[in-house]
Amino acid sequence: MVRVRFAPSPTGYLHIGSARTFIFNWLFARHHKGTMILRIDDTDVERNTEESLESIFEGLRWLGLGWDEEYRQSERFPLYREAAQALLEKGFAYRDFTPPEAKAGAEEGEGKGGWLCHPEMRAMSREESDRRAAAGEPFVLRFRVPREPERTVRFRDLVYGEQAKSTADIEDFALLRSNGAPTYHHASCVDDADLRISHIIRGQDHLTNTFKHILLFEALGGQMPEFAHLPLLIAPDGAKLSKRRHGPVVSVLTYRDAGFLPQAYVNFLCLLGWNPKDDREKMTLEELIEAFTLEGVNRSNAVVNFTEEDPIDPKALWLNAQHIYSLPVETLAGLLLPVWQKAGYEATAEKALRVTPLIQERIRTLNDAVAVADFFFLKELRPYDAAELIPQKGDRAMALRALEKAHAVLADGDWTHQALEERLRAAAAELGLKAGQMFQPIRVAVCGRKNAPPLFETLEVVGREACLERIGKAIALLQQEP
RNA sequence: GGCGCUAUCGUCUAAGGGUUAGGACGGAGCCCUCUCAAGGCUCAAAUACGGGUUCGAAUCCCGUUAGCGCUACCA
């Protein structure tokens, strides 16, 4: 039975690297019909914040993947205390009474290999340890890493392969803080054991921590989980993504607010550090579940490609466009309606449904629809330069002739795009104008700019009244002195 | 400093002893076309460096370099 967990600590927003870790765990669980567990690792009371927790949930909610079980470490402290006590009893742990300030004094031991332990504390008799603890002297509980003889800790990482490290290079890490709260290592292992986690899938920054965890799992007794570490997501400058240095691009909510489809963003994140072993790029959630394996995860860090001018990875944008394009029109219209309303447009569901097919392949984000579809909703076109009305290889007189003819032709007759095209093409022929020379002035008059969706469908949706009025205004504009 | 991990086009990646080193994004060009977009075609663009092993190395081994991680009473 596959049981995996995502264990964020509420000390910040939901980072995109964390989001990817969540997604890979989730995909692995779904692929194996296992259980996805969300565990809030909030053992550091000093640093946790409620806002952070809320923003993490908000990010996860947006991704829309869900989870099966939920735990919070702050509610499980007794479990960690018991486990710590058992470790102490069995001699796997010892009390270290060194005051925090005195740590500096111990650093002379670092010289050649780094800090390992305080030998006096490690060697202290249980009687003295108990006596000093009973007297109320503060201590941290440390794991007694096996030394003399040292041994090599080994495991096979499902991504990175065989791993080995000598206990001579592993320090006596803390289990319990002097305030009695468990450290990450302790709470995490106790929980992973208690929750019967089968696979620990997490960031590569924990790869070397795993040796400590193996030692701890062994001491705790219980089934050893499998481990799989994920390459990290980094910034173009090679540094790890940080809000301070790289700004809001590190938070998943930025992508929601930029108008991303969650499934597109999930797709994008999956392609960073994993590939389906074929050339597929755009994949649905179902396809991802089916294709996801740990073997497909690679070992080198992936750069999220953004710049200050272009804060969003171009590939993410492209993928989002792909997903938008493959949405049923009704679905997309439903997504776009609130976007337009928020922009202050008088959008209705019916209107949204008519406009959407015309812009579907012209937007890369939901938010793009605001600028791309403005003229469908705005009463008053935003001002444009009269020169825009003049077609290529044409002049003011040509534009005027085209618009006046168009005004006359559009004043009556069927208002369907087929009929409009027929009449307008005939009109162009009559005037001896090329299609572009005829259509471009009309497009600018009606849309207020040179680039827009196909003309006839656009006219159809904008409506006769508005079209005639806008063409009239354009004619007036052209007739004004330059 | 110690220990560990990593190294293919600008970016994401494929190729796990034999390929003109493949695909995608982005870039350039062409086609299509009422503009834009979409789509199609083409081009430019990579095996960090040095040694081995081998008939043959992007691929295996060693070294160098670089980057990253851990080395907290953070996670």
Side-chain angles (χ1 to χ4, degrees), chain A residues 7-12 41-44 46-47 96 98-100 103 110-116 138-142 157 160-161 163-166 168-171 173-185 187-188 202-212 229 231-232 234 236 238-240 268 271-282 298-306 310 313-319 321 325 358-364 372 391-392 421 424-425 428 434-440 442-444 447 449-456 458:
Chain A
S9 72
T11 52
D41 278 12
D42 53 353
T43 52
D44 188 354
E46 312 278 301
R47 297 199 192 193
D96 179 350
T98 313
K103 177 82 199 315
E110 297 198 23
K112 54 281 176 203
W115 182 89
L116 285 178
F139 62 87
V140 325
L141 190 73
R142 288 188 184 281
D157 189 272
Y160 286 88
Q163 303 293 319
K165 186 167 182 160
S166 166
D169 294 315
I170 302 174
E171 75 282 3
F173 55 96
L175 262 19
L176 251 33
R177 300 171 166 86
S178 54
N179 67 4
T183 62
Y184 159 73
H185 298 300
S188 181
R202 75 232 296 195
Q204 192 242 46
D205 47 344
H206 287 299
L207 188 63
T208 42
N209 283 332
T210 304
F211 297 104
K212 297 172 193 166
H229 289 86
L232 268 18
I234 58 177
K240 69 177 188 184
F268 169 68
L271 262 18
L272 258 21
W274 173 82
N275 77 85
K277 294 294 178 199
D278 52 39
D279 284 340
R280 282 183 295 174
E281 303 269 357
K282 190 224 154 197
N298 59 25
R299 287 165 294 280
S300 50
N301 294 345
V303 171
V304 181
N305 198 12
F306 60 85
D310 237 343
D313 192 313
K315 195 154 191 172
L317 243 18
W318 172 79
L319 262 176
Y325 188 54
L358 298 184
I359 64 161
Q360 185 157 17
E361 62 182 32
R362 292 174 174 74
I363 56 176
R364 294 186 303 174
V372 169
Q392 289 279 306
E421 174 159 15
L424 255 10
R425 282 196 189 276
K434 287 191 195 164
Q437 292 174 319
M438 177 78 191
F439 301 157
Q440 197 61 2
I442 303 175
R443 183 191 327 281
V444 174
C447 303
R449 67 179 115 88
K450 289 176 166 174
N451 301 336
L455 186 61
F456 314 109
T458 299

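Numbered from 1 within each chain, the chains take letters A, B, ... in sequence-line order.
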Legend entry - Protein proximity profile, nucleotides 4-16 of chain B - base contact B, sugar-phosphate-only contact S, no contact -, cut-off 4.0 Å on heavy atoms: SSSS---SBSSS-
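A search for salt bridge (Lys or Arg N to Asp or Glu O under 4.0 Å) contacts involving A:R177 returns nothing, not counting sequence neighbours. Listed by chain and residue number, nothing satisfies the salt bridge (Lys or Arg N to Asp or Glu O under 4.0 Å) test with A:D310 (two or more places apart in sequence, or in another chain). The salt bridge (Lys or Arg N to Asp or Glu O under 4.0 Å) test applied to A:K282 returns no partner, not counting sequence neighbours. Judged as a salt bridge (Lys or Arg N to Asp or Glu O under 4.0 Å), and not counting sequence neighbours, A:K165 has no contacts. Not counting sequence neighbours, A:Y160 has no partner by the ring-ring contact (aromatic ring centres under 6.0 Å, His included) test. Under the ring-ring contact (aromatic ring centres under 6.0 Å, His included) criterion, A:Y184 pairs with A:H206, A:H213, not counting sequence neighbours. By the side-chain contact (heavy atoms from CB on, under 4.5 Å) test, A:S166 is found to be paired with A:E150, A:A168, A:D169, residues two or more places apart in sequence or in another chain being considered.
Judged by Watson-Crick or G-U wobble contacts below 3.5 Å, the nucleotide B:A28 has B:U42 as its partner.
Contact check, A:R425 against B:C34: a side-chain N or O comes under 4.0 Å of OP1 or OP2.
The separation of B:U71 from B:U47, taken at their P atoms, amounts to 36 Å, rounded to a whole angstrom. B:U13 and B:G1 have their P atoms separated by 29 Å, with the value rounded to a whole Å. Going from the P atom of B:A38 to that of B:C25 covers 10 Å, rounded to whole Å.
The nucleotide whose nearest atom lies closest to any side-chain atom of A:N451 is, among B:A75, B:C34, B:U35, B:U35. Comparing B:C74, B:C34, B:U71 by their closest approach to the side chain of A:E171 singles out B:U71. The side chain of A:F439 approaches B:C34 more closely than any other nucleotide in the set B:U35, B:C34, B:C74.
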What protein N or O atoms touch nucleotides 38-45 of chain B N or O atoms at under 3.5 angstrom, if any, and at what distances?
none

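Nearest-nucleotide mapping onto RNA chain B: of A:G436 and A:N179, the residue sitting toward the 5' end is A:G436.
To the nearest angstrom, C1' of B:C70 lies 6 Å from CG of A:N209.
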